[in-house]
Novice: 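Next up is a structure, given as C-alpha cells.
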Amino acid sequence: MQYPALIIEKDKVRHNAKLLTDKLGTFGIKAAGVTKVFCAIPEVAQAMVEGGVYALADSRIENLKRLVGINVPKLLLRIPMQSQAKEVVEYADVSLNSELETLKALSKEAKEKNKVHQIIMMIDLGDLREGVWYENAVELAGEIVKLENIKLMGIGTNLTCYGGVIPTSTNLGLLVKLGEEIESRYGINLEIISGGNSSSLHLIEKNEMPERVNQLRLGESIVLGQETAYGERIENTYRDAFTFAAEIVELKEKPSIPIGEIGMDAFGQKPVFQDKGLMLRAIVAAGRQDIKPEGLIARDKGIEVIGASSDHMILNITHAEGKYKVGDIIEFDVNYGALLAAATSDYVSKIVK
Ligand SMILES: *Cc1c(COP(=O)(O)O)cnc(C)c1O
C-alpha cells in the first residue's frame, strides 16, 4: 500500500446509510446521500445507495460526473455557476437554485437538450449562506414557474453551515408555510420540501420535524455517524468508516521546547511551546498538503498530534499504548475537515475496502 492513505470501509458506510434511511423512512422522509466530503468515490457512493438513499448529491459537477454509472437521481447542491449551465443540465437531474438569471440560462440549455430540468428553490431562513431571503421567496417562485423546461419541484433550506443557525420546528415550520403559500398562489404541487442537512436530524429524535418536510440531504451523519447541530454521535452508527494512515519516518527522543530564538513557523505564525521535558517524538510522512492535523485523533489513545508543516506531522508517542519503530503505520480517526483535506489531496491514496 502507498502512504499516506485514506482507507474507507464501505460496509460501514452502507450500515450508517441504512440505519438513517430506515429511521427517516418511518417519518415519511427520504434521504439524499451527500458525497462531496469523499469526492464522490463511486464505490462509496454505491454503498450509500445500497444503504437506502434515494438520490446522490454533490456540490460539484466534476464529482457528479464520477457518478454517472449509478442509476439514481443526482442533485447539484451548490448554486450553479452560469458558466456551467450546460453541464448542470447534462449531469444533474435536480439543482438547488436561488438566482433567476442562472435559472434562465438553465432553461435555455434544457430547451436545447429537449429536457425538463428540475429545481429546488433554496430559501435563506437566517443562516446567511445560500438561498433567496425568506421574505422574497414567494415572489421568486412566481418567476420560476414561468420558465420553460424548468420544473419547480421543491423548496429547501440549508442551516448550520455558515451562521450556525440550528434547525427548529419554528424555522422549518416557516419553510413549510412558504411552500404552501407558493402552492396555493401558483396552483402547483411541491413534491419536495427539503429540510436541510445532518443538523436537522435532532428534530426527528425529538419528534419536532414539521409534517411536510419529506427530504433531507445527509453527508456527515452517514459518513461519520454524527449529527451536526450539537456534534453528537448517532447511536449504533460507525464513527470509523474512514481511516487516515501515515508512516513513521523518524522516531527520536527530543526536548519539547525548541532551542534558540523563536521566529515564525513555515506558515508565518509564531509558535508557542509548553515544556513537557524530553519526549519520544515520531514524524509521519504526511502534512498540510494531505490533512488537517487539528482534525486527526490517533486510534492509539496515548498518541498526541503536536503539529505539522506541509509534509511532516509530529506526534508525541511518549505515552503510546503500542510500541513503534520507523516504518510502522499510525492510524487516525478523521473529523469532517480532515476527511475533506485527505479526500481532495492527490498525494493521499484512496483505498476502498
Ligand atoms: C454539504 C451540504 C449538505 C450536507 O451536509 P452534512 O452536514 O454533511 O449533512 C447538505 N446540503 C447542502 C446544500 C450542502 O452543501
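The residues of the chain are indexed from 1 along the displayed sequence. Counting starts at 1 for both ligands and their atoms, following the listed order.
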Novice: Quick one: does ligand 1 sit under 4.0 Å from the side chain of Asn158, the backbone, both or neither, non-hydrogen atoms only?
Specialist: side chain
Novice: Just jot down the side chain to side chain donor-acceptor pair (under 3.5 Å) partners of Gln84, sequence neighbours excluded, or say none.
Specialist: none
Novice: Is it true that Glu191 and Lys151 make a salt bridge, defined as a side-chain N closer than 4.0 Å to a carboxylate O?
Specialist: yes
Novice: Can we say Asp265 and Lys270 salt-bridge, meaning some charged N sits less than 4.0 Å from an Asp/Glu carboxylate O?
Specialist: no
Novice: Could you tell me whether Gly219 and ligand 1 have an N or O pair separated by under 3.5 Å?
Specialist: yes
Novice: Please state whether Arg78 comes within less than 4.0 angstrom of ligand 1, counting heavy atoms only.
Specialist: no
Novice: Atoms of ligand 1 less than 4.0 Å from Val34 heavy atoms?
Specialist: 4 (C)
Novice: Would you kindly say whether Ser309 and Arg288 are connected by a side-chain donor-acceptor distance under 3.5 Å?
Specialist: no
Novice: Do Thr228 and Ser198 pair up side chain to side chain, a donor and an acceptor below 3.5 Å, judged on atom types alone?
Specialist: no
Novice: Verify the distance criterion only: is there a donor paired with an acceptor across the side chains of Asn158 and Asn197 at less than 3.5 Å?
Specialist: yes
Novice: I need the atoms of ligand 1 closer than 4.0 Å to a non-hydrogen atom of Glu130, numbered in the order shown.
Specialist: 13 (C)
Novice: For Tyr238, check ring-ring contact (aromatic ring centres under 6.0 Å, His included) against everything at least two apart and list the hits.
Specialist: His15
Novice: Would you indicate which of Arg217, Glu227, Glu220 comes nearest to atom 4 (C) of ligand 1 when only heavy atoms are counted?
Specialist: Arg217
Novice: Is it the case that the side chains of Gln226 and Tyr336 hold a donor-acceptor pair, with the cut-off being a distance below 3.5 Å and no angle test?
Specialist: no
Novice: Can you pull out the closest protein heavy atom to atom 2 (C) of ligand 1? Residue, atom name and distance to 0.1 Å, please.
Specialist: Lys36 NZ, 2.5 Å
Novice: Under 4.0 Å from a heavy atom of Leu218: which atoms of ligand 1 are those, numbered in the order shown and with their elements?
Specialist: 9 (O)
Novice: Of the protein's non-hydrogen atoms, which lies at the shortest distance from atom 5 (O) of ligand 1, and what is that distance?
Specialist: Asn197 CB, 3.2 Å
Novice: Check each of Gly33, Ala57, Ser59, Ser198 against atom 9 (O) of ligand 1 and report the one with the nearest heavy atom.
Specialist: Ser198
Novice: Relative to ligand 1, is Arg129 under 4.0 angstrom through side chain, backbone, both or neither, heavy atoms considered?
Specialist: side chain
